[in-house]
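Below you'll find the structure, written out as structure tokens, and then a few comments.
Any value given below was found using the heavy atoms of this structure, including those in side chains, with hydrogens, waters and symmetry copies removed.
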Amino acid sequence: MAPSHVLRCCQRVVGWIPVLFITAVACWSYYAFVLELCVFTIPSDAEKAVYMVIFHLFFIMFIWSYWKTIFTRPSNPSKEFCLSKSDKELYEREERQEFQLEILKRAAKDLPIYTTTGTRAIRYCDRCQLIKPDRCHHCSTCDVCVLKMDHHCPWVNNCVGFSNYKFFLLFLVYSLLYCLFIAATVLQYFIKFWTLCRSKSEESCPQNELPDTRAKFHVLFLFFVAAMFFISILSLFSYHCWLVGKNRSTIEAFRAPLFRSGPEKDGFSLGFSKNLREVFGDEKKYWLLPVFTSLGDGCSFPTRLVLGDPEQNAVTVQTDSTKPVGPSQTFPARPLSESQNRLLGSESQWTDNAPGEEHADKGVESHVAVLIES
């Protein structure tokens, strides 16, 4: 126990190294741009003022969204998804898998869940001892179940999920704008430094050249770092824009969620506009601010069970009790006890029983009922 606890502490400490690296790069870029470029290199006061105002706007939004992504705790399933004390004791005491599955089905019959495991069973986390809501997954790094988990990002040392996915997207947006602005403004001085005058005095250098001062290193390196980060972040941001448009998480992009009818990669897609509002909210004035505006509670999502081609309009939208998010689409609303799970409404939706298996299922139910009564 002690070695594992020490290992866990070491992992947590090491996990902050990428965050410290990004923070150090951001602090150095601030120093290099504001002092070495604007104060010591740019001769025009008007140009300095314009650059400083725009730079600080992007810098503040970049740091704000990055901070929110790091320190927003991942949302966990609510108490409704935890087994009751009696069900938990019964589940742990029962060794036969078919009876354990029956206990889970009984516990989940009133929960708003639509997805299953590959064997049509209830998605249950043995580590957290709870029934997993749709799109919820267990993070081995954080050691918790995370609602609408997208991925664990080492650059923010946090799980990206329902509670901070909008902040993560804004972090990518403002990182791109920050790097693009730096690269664009530094470019002309980057070129001038390649034709560097060897004199330390500005008066003795031609107009299109800059003196050989300490700003040379910072300006040259600033351009390379900004361009490199811009290119790398652009690919990641483009991928997540595609995910938002399809209403998928990174996990769902690699492994389609399993519904009653089978794997459906577009099962949660509601159309581009509604998918966008699900992440950013209904009020557009808050879209570019790192404040939480995502719709829903993270435990239940409107589902689209695709009947044909995923890109066609022949779809069925399934919803329970509602919370409006648009003119024609609704979100499951709390309390969860009011939501009836349509997949769990009948036994046949979970297992396609042959005629000879019906008696065996009744035997399992009777056995579980006896165990509960005892």
Side-chain angles (χ1 to χ4, degrees), residues 19 22-23 25-27 29-30 33-34 50-76 135 146-153 155-185 226 229-230 232-250 268 270-299 301-302 323-327 329 331 333:
V19 175
I22 295 297
T23 303
V25 172
C27 292
S29 67
Y30 184 90
F33 189 92
V34 173
V50 173
Y51 283 3
M52 293 277 276
V53 170
I54 300 176
F55 172 83
H56 280 91
L57 176 63
F58 288 150
F59 182 79
I60 290 172
M61 297 307 296
F62 161 65
I63 294 298
W64 186 8
S65 57
Y66 187 48
W67 178 278
K68 293 284 286 186
T69 307
I70 294 172
F71 294 104
T72 300
R73 295 186 61 183
S75 295
N76 310 122
R135 317 183 82 175
V146 179
L147 295 179
K148 195 186 176 185
M149 180 177 174
D150 188 88
H151 67 287
H152 184 91
C153 181
W155 298 107
V156 300
N157 193 30
N158 197 6
C159 264
V160 177
F162 175 75
S163 62
N164 63 350
Y165 188 60
K166 177 191 174 183
F167 306 149
F168 176 75
L169 291 176
L170 291 180
F171 162 61
L172 296 181
V173 170
Y174 290 118
S175 297
L176 281 174
L177 294 176
Y178 183 70
C179 293
L180 180 62
F181 175 76
I182 289 178
T185 53
F229 273 95
F230 175 81
S232 59
I233 295 174
L234 180 62
S235 59
L236 180 62
F237 176 69
S238 301
Y239 177 66
H240 278 278
C241 286
W242 178 79
L243 290 178
V244 171
K246 294 291 186 178
N247 203 340
R248 301 178 196 169
S249 66
T250 300
F268 293 106
L270 309 172
F272 179 79
S273 177
K274 295 184 179 68
N275 294 342
L276 192 65
R277 293 205 303 270
E278 186 174 316
V279 175
F280 289 94
D282 286 327
E283 300 188 58
K284 294 182 179 180
K285 61 183 178 181
Y286 296 121
W287 280 14
L288 297 180
L289 295 178
V291 293
F292 184 81
T293 55
S294 300
L295 299 178
D297 59 5
C299 292
F301 297 88
K323 173 182 178 181
V325 299
Q329 179 59 39
F331 267 83

What's the verdict on ring pair (Phe, Tyr, Trp, His ring centres under 6.0 Å) for Y165 and H151, showing C-alpha distance, side-chain angles and the deciding distance? CA-CA 10 Å; Y165 188 60; H151 67 287; 8.0 Å; no
E278 with R135: basic N within carboxylate O range, under 4.0 Å: yes
Between F237 and V173 the two heavy atoms that sit nearest each other are CE1-CG2, 3.3 Å
Please check: side-chain N/O of S294 versus main-chain N/O of F280, any donor-acceptor pairing under 3.5 Å? no
Looking at F268, is R248 sitting on its ring face, NZ or CZ under 6.0 Å from the six-membered ring centre and within 45 degrees of the normal? no
Do the non-hydrogen side-chain atoms of L289 and M61 ever get within less than 4.5 Å of each other? yes
Around F272, counting heavy atoms of other residues, nucleotides and ligands shown, do more than 12 lie under 6.0 Å from its CZ? no
Side-chain (K166) to main-chain (V291) donor-acceptor, under 3.5 angstrom: yes
By the side-chain hydrogen bond (donor to acceptor under 3.5 Å, both in side chains) test, which pairs, at least two apart or in different chains, include something from residues 52-73? Y30-H56
Derivation of the ring pair (Phe, Tyr, Trp, His ring centres under 6.0 Å) call for F292 and F162: CA-CA 10 Å; F292 184 81; F162 175 75; 5.6 Å; yes
Would the distance check show the side chain of N164 and the main-chain N or O of P74 forming a donor-acceptor pair, the cut-off being under 3.5 Å? no
Polar side-chain atom of W155 near backbone of I22 as donor-acceptor pair, under 3.5 Å: no
Spacing of S163 atom OG and F168 atom CZ [to the nearest 0.5 Å]: 13.0 Å
For S249 and D150, indicate whether the former's side chain and the latter's backbone hold a donor-acceptor pair under 3.5 Å. no
If only side-chain N and O atoms count, and only distance matters, is there a donor-acceptor pair under 3.5 Å linking Y178 with S29? yes
Is there side-chain contact between N76 and L147, with heavy atoms separated by less than 4.5 Å? no
Is it true that atom OH of Y286 has more than 12 heavy atoms of other residues, nucleotides or ligands lying nearer than 6.0 Å? no
For the backbone of N275 and the side chain of N247, can you confirm whether one donor and one acceptor N or O come within less than 3.5 Å of each other? no
